[in-house]
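Every chain is numbered from 1, with letters handed out A, B, ... down the list of sequences.
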There are 2 protein chains.
Amino acid sequence: MSKLIQEIDTTIIRAFRGKGYKATPQRIAISRFVLCNHNHPTVHKVYCEVRKAYPTVSLATVYKTIQILKEIGLVHELNLPRDQTRLDSNLNLHLNLVCLRCGSIKDHEDPMIEAIISRVSAAEQFAPREQRFDVYGICANCRGDVIL
Amino acid sequence: MSKLIQEIDTTIIRAFRGKGYKATPQRIAISRFVLCNHNHPTVHKVYCEVRKAYPTVSLATVYKTIQILKEIGLVHELNLPRDQTRLDSNLNLHLNLVCLRCGSIKDHEDPMIEAIISRVSAAEQFAPREQRFDVYGICANCRGDVIL
DNA sequence: ATGGGTGCAAAATCTTTGCACTCAG
DNA sequence: CTGAGTGCAAAGATTTTGCACCCAT
């Protein structure tokens, strides 16, 4: 096991225990996959991948673990239309460029996002806590491809 | 029936027929409610309200009609976490301030949104088509209320 | 050793679909 | 008239839950 994975595992174990949750091997395997994978996987994708290394995990455990990861703030959830929920382990303020053709999601950080949220919140007396900024369209790769 | 509703009905009928869909009384009733209601109702809310005026409409018809409204671009869909899909009939570029306490959603238009999307799209060679910008937090009203 | 966690299966939601009947154009 | 639309119920899809057994602490 690489040095990097060891570090991530340590982080995960600390995060769980710190909130009073047990650091079981299932939870570690699930969390490791979610936090290391920056392709915004679906819950089902996580389940399938984790099962390769850990054939007995159940979908219920995956859902429960992801619930905890959201609660302790290690992942966010993207609710896309015409698609399933996808997980986002980039905790920085960013927007998601969602390709309508290939389904890829690319993060893009931009200081203006912060600015806009501050401004609108001040204007509306709104106390912001989280945000989701998704732009749907066609990615550079798919634009290169052919027709339509 | 008021003058205003007549106008909206005319718009709806034209929109449906223009795309080759029949303008049935059910579709008109559903569309009228969705387009006139700016509280971002859930599908179920639409169903309940339309049923008051039209007791025989089925949930399936409501879903199918909303599907068409999305297709012809008269409504957008907000996919919120920990909540059901909600409908948005404000077609202008705006962000949604979603209150985590009372569930209200307030629109806010801001020219910076356009700017940021243009900039990021240019940088990433991305062709944007739609976007969703939701900020979760506590609204002015709920902040005024009591504790926590 | 013990209370929380796991895995399974069943339930709960939300949304879509198949089909016979109906009605808008 | 006639094909598209409706309403119902059944099927799908995703997520949650109840419960007996297990294991991390």
Side-chain angles (χ1 to χ4, degrees), chain A residues 9-10 12-31 33-34 40-48 50-72 75-87 103, chain B residues 9-10 12-31 33-34 40-48 50-72 75-87 103:
Chain A
D9 283 6
T10 306
I12 293 166
I13 292 170
R14 283 212 190 104
F16 275 90
R17 294 202 181 140
K19 293 283 184 172
Y21 294 108
K22 291 183 179 174
T24 66
Q26 290 92 328
R27 284 176 178 174
I28 294 170
I30 294 164
S31 305
F33 180 78
V34 171
H40 306 81
T42 61
V43 174
H44 194 258
K45 174 76 175 166
V46 174
Y47 172 64
C48 294
V50 171
R51 252 175 121 69
K52 289 181 185 169
Y54 218 109
T56 63
V57 282
S58 69
L59 194 51
T61 297
V62 173
Y63 271 105
K64 287 170 188 164
T65 301
I66 288 171
Q67 200 59 49
I68 295 173
L69 288 173
K70 286 189 286 182
E71 183 195 323
I72 64 187
V75 284
H76 287 160
E77 191 177 76
L78 301 182
N79 302 82
L80 309 182
R82 50 179 151 258
D83 209 2
Q84 309 160 13
T85 297
R86 293 177 65 164
L87 303 171
Chain B
D9 283 5
T10 306
I12 294 167
I13 292 170
R14 283 212 191 104
F16 274 90
R17 294 201 181 143
K19 293 283 182 172
Y21 293 109
K22 291 184 179 174
T24 66
Q26 291 93 326
R27 284 176 177 173
I28 295 170
I30 294 164
S31 305
F33 180 77
V34 171
H40 305 82
T42 60
V43 175
H44 194 258
K45 174 77 175 166
V46 175
Y47 172 64
C48 293
V50 170
R51 251 173 123 61
K52 288 180 185 170
Y54 217 109
T56 63
V57 281
S58 70
L59 194 49
T61 298
V62 173
Y63 272 105
K64 286 169 188 164
T65 301
I66 289 172
Q67 201 59 49
I68 295 174
L69 288 174
K70 286 189 285 183
E71 184 195 322
I72 63 186
V75 284
H76 289 159
E77 190 177 77
L78 301 182
N79 302 81
L80 308 181
R82 53 184 149 255
D83 210 2
Q84 309 160 12
T85 297
R86 294 177 64 165
L87 302 171

A:Tyr54 vs A:His44, nearer the 5' end of DNA chain D by closest nucleotide: A:His44
Nearest-nucleotide pick for B:Thr24, side chain only, options being C:dT17, D:dA24, D:dT6: D:dT6
B:Lys45 atom NZ: more than 12 heavy-atom contacts under 6.0 Å: no
Rounded distance (Å) that lies between atom C1' of D:dT15 and atom CG of A:Asn79: 12 Å
D:dT6 OP1/OP2 closer than 4.0 Å to side-chain N/O of B:Ser58: no
Closest listed nucleotide, where the reference is the side chain of B:Lys22 and the choices are D:dA4, C:dG5, D:dA9: D:dA4
Distance, rounded to the nearest Å, where B:Ile30 contributes CD1 and D:dG7 contributes C1': 12 Å
A:Gln67 CD to D:dT14 P, straight-line distance once rounded to whole Å: 17 Å
N/O (side chain, A:Tyr63) to phosphate O (OP1/OP2, D:dT16) under 4.0 Å: no
Integer-rounded Å distance: D:dA24 C1' and A:Phe16 CZ: 14 Å
Distance below 4.0 Å between A:Gln26 side-chain N/O and C:dG7 OP1 or OP2: yes
Backbone of A:Val57 reached by a side-chain donor or acceptor of A:Thr61 within 3.5 Å: no
Whole-Å gap separating P (D:dT14) and CD (A:Glu77): 14 Å
Whole-Å gap separating P (D:dT16) and CD (A:Glu71): 13 Å
Per B:Pro25 side chain, nearest of listed nucleotides D:dG7, D:dT15, C:dA24: C:dA24
Nearest-angstrom distance from the residue atom CZ of B:Arg51 to C1' of D:dC8: 11 Å
Selection from D:dT25, D:dT15, D:dT17 that lies nearest to any side-chain heavy atom of A:Ala60: D:dT17
Donor-acceptor pair, side chain of A:Arg86 and main chain of A:His40, under 3.5 angstrom: yes
Earlier contact from the 5' end, DNA chain C, for A:Val57 and B:Tyr21: A:Val57
Listed nucleotide nearest any side-chain atom of A:Thr56, set D:dT15, C:dG7, C:dG25: C:dG7
Between C:dA11 (P) and A:Leu59 (CG): distance, integer Å: 18 Å
A:Tyr21 vs A:Arg17, side chain to side chain donor-acceptor pair (under 3.5 Å): CA-CA, chis, key distance, verdict: CA-CA 5 Å; A:Tyr21 294 108; A:Arg17 294 202 181 140; over 6 Å; no
B:Arg27 side-chain proximity, nearest of C:dT16, C:dT15, D:dT6: D:dT6
Shortest side-chain distance from B:Lys64, nucleotide among C:dT15, D:dT6, D:dA9: D:dT6
Which atom of B:Ile72 lies closest to which atom of B:Lys19, heavy atoms considered: CG2-CG, 3.3 Å
